[in-house]
Every structure is written in C-alpha cells, then in structure tokens.
Amino acid sequence: MYNHSAARAYQDASSHAGSPREREAALLIKAAAKLQRTKSPECTREQLDEALTFNRKIWTLFVGELMSETHEMPKELRQNLVNLGIFTFNHTLRIMTEPDKASVDSLININRNIAEGLRADG
C-alpha cells in the first residue's frame with residue numbers, strides 16, 4: 001500500500017508561510033532528522049525503512065519537478081540535483097537490502113547541504 005506521508009508533508013509545508021525553496025528546505029531537514037534518529041541503538045528495522053522511504057518519496061517529488069523543462073532553475077543545476085536524486089535512490093536501495101545505520105550519513109549530509117543551499121538562495 002502506498003504511504004502518502006511524503007506527499008502529505010509536502011502539502012503541509014506548502015500551506016505554511018515562506019517561499020517554495022524554504023518549504024523544500026524544511027522537508028529535506030525533516031527527512032534528515034528522521035534519518036538521524038535511525039542511528040539510535042533502539043531504532044528498529046521498520047523505523048529505518050520508514051525513514052528511508054520518506055526520504056525517497058521526498059526526492060521522488062523533487063526529481064519529478066526538476067525534470068520539467070519549464071522549471072525556473074538552470075538546466076545544468078537541475079541535472080546535478082537529478083543526479084543527486086538518482087544517487088539517493090540507489091543508496092537507499094543498498095541500505096534497505098543490506099541495513100547499515102552508518103550508511104545513512106551520506107543521505108543526511110546531502111539533505112542538510114541541499115537545504116542549506118535552498119535557504120541561502122531563497
């Protein structure tokens with residue numbers, strides 16, 4: 001069954017004040033926080049999978065938007081972000097098949113760095 005949590009989070013963020021970039025940054029920070037919590041020794045496999053799935057869904061939304069030729073972002077920058085999205089998808093699959101909580105660090109760092117860039121440009 002499809003979990004609409006990422007889409008719902010995106011809609012919830014859209015309903016709050018702030019620029020679209022600020023809302024996107026907030027979603028990336030939320031996903032990074034969920035991933036960070038999976039590093040706790042008490043974290044279950046189910047919680048890890050939920051955090052990874054949430055992050056993947058956020059990135060799926062972003063990549064879908066970035067693929068639009070009418071997106072205002074320069075094409076080269078959009079392509080770089082799409083490539084990060086592809087890395088995120090592949091890395092997530094690796095973690096889901098071979099769970100290693102330390103492997104989420106790269107996803108956390110990507111989300112935080114992109115969020116920082118969105119906030120700086122907004």
Side-chain angles (χ1 to χ4, degrees):
M1 185 168 114
Y2 178 73
N3 181 341
H4 296 288
S5 64
R8 190 171 340 128
Y10 192 83
Q11 290 170 345
D12 289 347
S14 295
S15 68
H16 293 96
S19 72
R21 287 183 180 211
E22 186 65 32
R23 292 187 300 261
E24 290 170 347
L27 285 172
L28 288 167
I29 294 298
K30 181 177 181 175
K34 284 178 173 272
L35 291 167
Q36 183 68 43
R37 285 191 294 272
T38 68
K39 296 179 67 167
S40 163
E42 297 81 32
C43 178
T44 65
R45 171 70 190 260
E46 183 178 294
Q47 291 167 321
L48 175 63
D49 286 348
E50 189 277 325
L52 290 167
T53 299
F54 182 83
N55 190 62
R56 180 185 48 81
K57 288 177 182 178
I58 292 294
W59 274 95
T60 299
L61 292 169
F62 290 159
V63 168
E65 287 183 10
L66 291 164
M67 297 297 288
S68 170
E69 289 297 325
T70 60
H71 196 285
E72 76 277 357
M73 197 177 288
K75 188 173 185 169
E76 186 176 335
L77 181 56
R78 284 188 292 129
Q79 185 59 51
N80 289 340
L81 289 170
V82 167
N83 289 341
L84 272 177
I86 292 168
F87 169 82
T88 297
F89 301 146
N90 290 333
H91 193 62
T92 296
L93 183 58
R94 268 192 300 277
I95 298 170
M96 289 179 120
T97 55
E98 296 177 24
D100 175 13
K101 293 177 184 179
S103 295
V104 300
D105 286 342
S106 58
L107 299 175
I108 293 167
N109 291 333
I110 288 170
N111 285 4
R112 288 179 177 163
N113 287 320
I114 297 299
E116 185 178 316
L118 287 168
R119 287 184 170 150
D121 290 342

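Proximity of a side-chain donor or acceptor of Arg78 to a complementary backbone N or O of Glu72 within less than 3.5 Å is not detected. Proximity of a side-chain donor or acceptor of Arg21 to a complementary backbone N or O of Leu118 within less than 3.5 Å is not detected. Side chain of Arg37 to backbone of Cys43: no donor-acceptor contact under 3.5 angstrom is found.
Under the 4.5 Å side-chain contact rule for hydrophobic residues, Ile95 and Ile108 share a cluster. Neither Leu52 nor Leu93 shares a network with the other; the hydrophobic side chains, linked directly or stepwise wherever heavy atoms of I, L, V, M, F, W or Y lie under 4.5 Å apart, form separate groups for each. Leu107 and Phe89 fall into different hydrophobic clusters, where Ile, Leu, Val, Met, Phe, Trp and Tyr residues are linked whenever their side-chain heavy atoms come under 4.5 Å apart, directly or through other members. One hydrophobic cluster, built from ILVMFWY side chains closer than 4.5 Å, cannot hold both Leu84 and Leu35; they sit in different ones.
Between Glu22 and Ser19, the side chains place no donor N or O within less than 3.5 Å of an acceptor N or O (distance only, hydrogens not considered). Looking only at atom types and distance, the side chain of Glu42 has a donor-acceptor partner in the side chain of Ser40 under 3.5 Å away. Side-chain contact check for Asn80 and Glu76: no donor-acceptor pair (N or O, by modelled atom type) lies under 3.5 Å.
Contact between Trp59 and Leu81 at its shortest, heavy atoms only, is CZ3-O, 3.7 Å. The heavy-atom pair separating Phe54 from Lys34 by the smallest distance is CD2-CD, 3.6 Å.
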I'd like to know whether Asp105 forms a side-chain contact (heavy atoms from CB on, under 4.5 Å) with Lys39, so could you lay out the CA-CA distance, the side-chain angles of the two residues, the decisive distance to 0.1 Å, and finally the verdict. CA-CA 9 Å; Asp105 286 342; Lys39 296 179 67 167; 2.4 Å; yes

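Distance CG/Leu27 to CD1/Ile114: 14.0 Å, rounded to 0.5 Å. Annotation: the span from Leu28 atom CG to Glu24 atom CD amounts to 7.5 Å, rounded to 0.5 Å. Note: Arg56 CZ to Asp49 CG = 10.5 Å, rounded to the nearest 0.5 Å. One distance of note links OG1 of Thr38 with CD of Glu46; it measures 13.5 Å at 0.5 Å rounding. Between the CZ atom of Arg45 and the CG atom of Leu48 there is a distance of 6.5 Å, given to the nearest 0.5 Å.
Taking the side chain to side chain contact (heavy atoms under 4.5 Å, CB included) definition, one finds that Met67 meets it with Val63, Val82, sequence neighbours left out. Here Lys101 pairs with nothing under the salt bridge (Lys or Arg N to Asp or Glu O under 4.0 Å) rule; sequence neighbours left out.
Ring-plane geometry between Phe87 and His91 is classed as parallel, the angle between the planes falling under 30 degrees on a 0 to 90 degree scale with a further cut at 60.
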